[in-house]
Amino acid sequence: MLKKISNSLFLRKQKKMLQRELKQLDEQYRLTRKFPEYGTSEDENVQEMTRFQENLGLQQNFKNLMRDTKKALGKIEKGTYGKCEKCGGSIEQGRLKAYPAANLCVTCASRKFSKK
């Protein structure tokens, strides 16, 4: 019974954290969508284009993080949050606290990155 209560509390905390994270990511994403305007000189135009290109990469990162965060929120609703998508085992709570949108356990994640 105590474990179920603590799991319930953990899930509520994770859900709130994920919702906050999603809101922050959305705000940051919106900021990167604004085209920078520094002026009309050639140097200023170069700065604008450089910043614009940097923002394109950031936008993709924010989209990926928002996708993962929404997916994690969906898993909480379905009751599958904290389950590794690769092996089906449990994702360690410490990992979920550090990265609430984690979809792989430490073992599977380390295998994934060691293959690259």
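Here, residue 1 is the first one in the sequence, and each next residue gets the next number.
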Step-by-step side chain to side chain donor-acceptor pair (under 3.5 Å) determination, Gln59 to Asn55: CA-CA 6 Å; Gln59 286 174 17; Asn55 284 351; over 6 Å; no
Could you state the interatomic distance from [atom1] ([X]) to [atom2] ([Y]), rounded to the nearest 0.5 Å?
X: Arg95; Y: Thr107; atom1: CZ; atom2: OG1; result: 9.5 Å
X: Leu58; Y: Leu31; atom1: CG; atom2: CG; result: 10.5 Å
X: Glu54; Y: Leu56; atom1: CD; atom2: CG; result: 10.0 Å
X: Lys63; Y: Asn61; atom1: NZ; atom2: CG; result: 11.0 Å
X: Arg67; Y: Leu65; atom1: CZ; atom2: CG; result: 8.5 Å
X: Phe10; Y: Lys15; atom1: CZ; atom2: NZ; result: 14.5 Å

Side-chain touch Asn7/Gln93, heavy atoms, less than 4.5 angstrom: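 Asn7 vs Gln93: side chains touch.
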I'd like to check Leu96 versus Tyr81 (side-chain heavy atoms, cut-off strictly below 4.5 Å). Are they in contact?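 With C-beta onward as the side chain, the pair touches.
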Near Lys83 NZ, under 6.0 Å, is it more than 12 heavy atoms from other residues, nucleotides or ligands?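 No, the 6.0 Å shell around NZ holds no more than 12 heavy atoms from other groups.
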Is atom CZ of Arg30 surrounded by more than 12 heavy atoms (other residues, nucleotides or ligands) closer than 6.0 Å?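 Atom CZ in Arg30 is not crowded, with 12 or fewer foreign heavy atoms closer than 6.0 Å.
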Decide side-chain contact (heavy atoms from CB on, under 4.5 Å) for Gln19 and Leu22; before the verdict, give the C-alpha distance in whole Å, the side-chain angles of both, and the deciding distance to 0.1 Å. CA-CA 5 Å; Gln19 289 169 332; Leu22 187 59; 5.7 Å; no
Checking side-chain contact (heavy atoms from CB on, under 4.5 Å) for the pair Met17/Glu21: CA distance, chi angles, key distance, verdict? CA-CA 6 Å; Met17 188 184 314; Glu21 181 74 15; 5.6 Å; no
Checking side-chain contact (heavy atoms from CB on, under 4.5 Å) between Lys16 and each of Lys13, Gln14, Arg12, Arg20, which is the one that passes?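 So the option named by the test is Arg20.
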Among Glu85, Lys86, Glu92, side-chain contact (heavy atoms from CB on, under 4.5 Å) partner for Cys105: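 Filter result, single survivor: Glu92.
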